[in-house]
Amino acid sequence: MTNFRWFFLSIIISGAFIGWHLMQPTEIIDTHRLNNKNSFDIIARHLPITDKGKIQWWEKNKKKLGKENSILLEPNDYRISFWVSSYKVDSGTDQDSDLLCFDNMNAKANCIEKDNQPMTIWYIAEKGQTIFLLNNWKNKYIKYDATGRLDKVR
């Protein structure tokens, strides 16, 4: 009976931790404008886990995000990549080839790992399309401005 209690208690604690983690609001840590004035890299924490959640979060927060972080949004073309990472120092070795570094920062720790890119958004004004590349580009959705339809491509 004691083993059952420990198992049950560990399930409850694990469930509470996972629930707490899922309820954390998305937090924007930093925004970097690339050389192209309409391309941005955003460092974030706690992006939604599901594809639907990420797209809904973007639709709900894009105007606020644009104003607060000086991001140029519609009707212009733009590309915004979201990264979940902490800043690291580039030590100049081959192992650092998986780092994306931002030259516009004065800090030594100005690089992030490129392996966690939960969302990239491309808006193509001429076509009236928003392309969502999710989960390190594994899933692709296209949203059409004219109809509001969202299609999963892969």
Side-chain angles (χ1 to χ4, degrees), residues 7-90 96 98-125 128-154:
F7 175 75
F8 187 68
L9 183 61
S10 66
I11 294 295
I12 290 174
I13 291 171
S14 297
F17 177 75
I18 290 170
W20 171 80
H21 183 72
L22 292 174
M23 292 174 42
Q24 295 295 311
T26 299
E27 179 183 358
I28 303 302
I29 306 301
D30 210 351
T31 302
H32 298 278
R33 177 176 274 177
L34 303 180
N35 292 337
N36 177 343
K37 65 181 178 177
N38 292 336
S39 292
F40 301 87
D41 286 315
I42 297 178
I43 317 307
R45 281 192 197 124
H46 308 295
L47 281 168
I49 293 176
T50 65
D51 290 355
K52 182 179 178 181
K54 288 176 183 133
I55 293 169
Q56 287 177 344
W57 177 85
W58 170 252
E59 294 296 336
K60 182 180 175 184
N61 292 287
K62 67 181 176 180
K63 288 182 182 176
K64 177 182 172 189
L65 185 67
K67 288 178 186 175
E68 290 176 358
N69 296 283
S70 301
I71 294 174
L72 301 175
L73 298 174
E74 302 164 314
N76 301 312
D77 291 352
Y78 58 83
R79 183 207 50 87
I80 301 172
S81 292
F82 288 85
W83 305 87
V84 175
S85 184
S86 299
Y87 286 110
K88 301 180 180 315
V89 176
D90 181 2
D96 291 340
D98 61 341
L99 295 179
L100 172 64
C101 298
F102 302 103
D103 296 332
N104 62 340
M105 293 179 66
N106 292 332
K108 262 191 158 183
N110 66 340
C111 302
I112 59 169
E113 291 182 4
K114 293 189 261 185
D115 64 350
N116 196 355
Q117 186 180 17
M119 182 166 54
T120 295
I121 301 162
W122 272 322
Y123 180 72
I124 305 167
Q129 295 179 351
T130 304
I131 299 171
F132 296 92
L133 299 168
L134 305 174
N135 305 318
N136 294 323
W137 293 34
K138 291 177 185 160
N139 302 335
K140 179 179 180 180
Y141 295 82
I142 298 176
K143 182 178 179 196
Y144 302 92
D145 286 353
T147 62
R149 190 177 83 226
L150 181 69
D151 291 335
K152 184 172 183 178
V153 177
R154 69 169 183 259

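In what follows, residues are counted from 1 in the order of the sequence shown.
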Tell me yes or no: between the side chains of N38 and Y123, is some donor less than 3.5 Å from an acceptor?
no

Is P48 close to Q56 at the side-chain level, that is, under 4.5 Å between some pair of heavy atoms?
no

Assess, by modelled atom type and distance only, whether the side chains of N135 and D51 contain a donor and an acceptor separated by less than 3.5 Å.
yes

W122 ring center within less than 6.0 Å of W58 ring center:
no

Please confirm whether the backbone N or O of T120 pairs with a side-chain atom of S81, one donor and one acceptor, at under 3.5 Å?
no

Does a side-chain heavy-atom distance below 4.5 Å link L133 with I131?
yes

Using a 3.5 Å distance criterion without hydrogens, assess whether the side chain of D30 forms a donor-acceptor pair with backbone atoms of I43.
no

Kindly give the heavy-atom pair with the smallest separation between A125 and D77, and that separation in Å.
N-OD1, 2.6 Å

Within the 4.5 Å heavy-atom criterion, are D41 and R79 side-chain neighbours or not?
yes

Are a donor atom and an acceptor atom from the side chains of W83 and N116 found within less than 3.5 Å of each other?
no

Presence of salt bridge, R149 and D151, under 4.0 angstrom
yes

Can a donor-acceptor pair be found between the side chains of R33 and T31 at a distance below 3.5 Å?
no

Going through the distances and angles, do I29 and E27 end up as a side-chain contact (heavy atoms from CB on, under 4.5 Å)?
CA-CA 6 Å; I29 306 301; E27 179 183 358; 3.7 Å; yes

Drop me the distance from W137's CH2 to Q117's CD, to the nearest 0.5 angstrom.
6.5 Å

Less than 4.5 Å apart, side chain to side chain, heavy atoms only: is that true for K138 and R154?
no

Go through it in stages, so that I can follow the logic: the residues are K88 and L99, the test is side-chain contact (heavy atoms from CB on, under 4.5 Å), and I'd like the CA-CA distance, side-chain angles, deciding distance and then a yes or no.
CA-CA 8 Å; K88 301 180 180 315; L99 295 179; 4.3 Å; yes

Mind running side-chain contact (heavy atoms from CB on, under 4.5 Å) on I80 and I42 for me, showing each step along the way?
CA-CA 7 Å; I80 301 172; I42 297 178; 3.5 Å; yes

With I142, the side chain to side chain contact (heavy atoms under 4.5 Å, CB included) member among I124, V153, L150
V153

Quick one: CG on L134 to NZ on K140, what's the gap to the nearest 0.5 Å?
11.5 Å

Measure the spacing between CD1 of I121 and CZ of F40 and express it to the nearest 0.5 Å.
12.0 Å

Side-chain heavy atoms of N104 within contact of H32, under 4.5 Å:
yes

Quick one: CG on D115 to OG on S85, what's the gap to the nearest 0.5 Å?
7.0 Å

W57 ring center near F82 ring center (under 6.0 Å):
yes

Look at the side chain of T26 and the backbone N and O of H46, then say whether any donor-acceptor pair between them is shorter than 3.5 Å.
yes

Return the CZ to CG distance between R45 and L47, rounded to the nearest 0.5 Å.
11.5 Å

Any sub-3.5 Å donor-acceptor pair from S10's side-chain atoms to F7's backbone N or O?
yes

Which atom pair, heavy atoms only, marks the closest approach of D90 to C111?
CB-SG, 3.6 Å

